[in-house]
There are 2 protein chains.
Amino acid sequence: MIDPDGPVPLYRQLADLIVARIEAGELQPGRPIPSVSRLQQEYGLARGTVLHAVAVLVEEGWVQVVKGRGTYVLPR
Amino acid sequence: MIDPDGPVPLYRQLADLIVARIEAGELQPGRPIPSVSRLQQEYGLARGTVLHAVAVLVEEGWVQVVKGRGTYVLPR
DNA sequence: GCCCATTTGTACGTATGTATG
DNA sequence: GCATACATACGTACAAATGGG
């Protein structure tokens, strides 16, 4: 899934992966994506790296973050 | 503010700048200086460079670092 | 109102790889 | 070779918001 040795930064790879899961319909609008801790475990990444990926997704309009609750997929 | 082309290393320039802000009373004893991320943004520097500058300030007795909280101006 | 678990936000410490002068 | 600087990444710690019991 994620290639730690490739030229693409891990946070970018993770962001792309989540987008793919959204586009595949696995993660649906209005529903939360896995929590930061969950993503950390799932992909074996550090917290900072996951947060970086989420920040990218917010910037690109894929998700919306609600502090204390979760990160939600936006409608398209 | 900071001159990337001058002979003075950026971390040294930043350290001097923060000292100036302390001496001007803008940053007060017992209060935190801007975070590493904040300083990165404010001055357009890399994380490592900011950390280097903070390390200099610690060495010179200007500030005290508290992990997870911030970097505080010491009383003089 | 109070505690507690969950979740996101912020922050510092350290390390590695790359590039430049 | 060395110092400087940037980007990335992991680790850890503390803070704030939410929701359930």
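Everything numeric here is computed off the predicted structure, so don't read it as measured data. Below, chain A is the first sequence line, B the second, and so on; all start at residue 1.
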Could you point out which residue of B/Ile33, B/Val56, B/Leu74 forms a side-chain contact (heavy atoms from CB on, under 4.5 Å) with B/Val63?
B/Ile33
Using a 3.5 Å distance criterion without hydrogens, assess whether the side chain of A/Gln40 forms a donor-acceptor pair with backbone atoms of A/Val50.
no
Does A/Arg38 have more than 12 heavy atoms from other residues, nucleotides or ligands lying within 6.0 Å of its CZ?
no
Is any side-chain nitrogen or oxygen of A/Thr49 closer than 4.0 Å to OP1 or OP2 of D/dA9?
no
Identify, with sequence neighbours excluded, every residue that meets salt bridge (Lys or Arg N to Asp or Glu O under 4.0 Å) alongside A/Glu59.
none
For C/dC12 and B/Thr71 - does any side-chain N or O of the residue sit under 4.0 Å from the phosphate oxygens OP1/OP2?
yes
Quick one: which of A/Leu45, A/Leu51, A/Thr71, A/Ile18 gives a side-chain contact (heavy atoms from CB on, under 4.5 Å) with A/Leu39?
A/Ile18
Look at the side chain of A/Gln28 and the backbone N and O of A/Val73, then say whether any donor-acceptor pair between them is shorter than 3.5 Å.
no
Protein N or O to nucleotides 16-21 of chain D N or O, pairs below 3.5 Å:
residue : atom : partner : partner atom : Å
D/dA16  : O4'  : A/Lys67 : NZ           : 3.4

Mapping A/Leu10 and B/His52 onto DNA chain D by nearest heavy atom, which one lands closer to the 5' end?
B/His52
Indicate yes or no: does A/Glu60 engage A/Arg76 in a salt bridge with an N to O separation below 4.0 Å.
no
Heavy-atom contacts, protein to nucleotides 15-21 of chain C, under 4.0 Å, summarised as B (base), S (sugar-phosphate only) or - (none) per nt, yield -------
Pick the nucleotide of DNA chain D nearest each of A/Leu45 and B/Gln40; which residue has the one closer to the 5' end?
B/Gln40
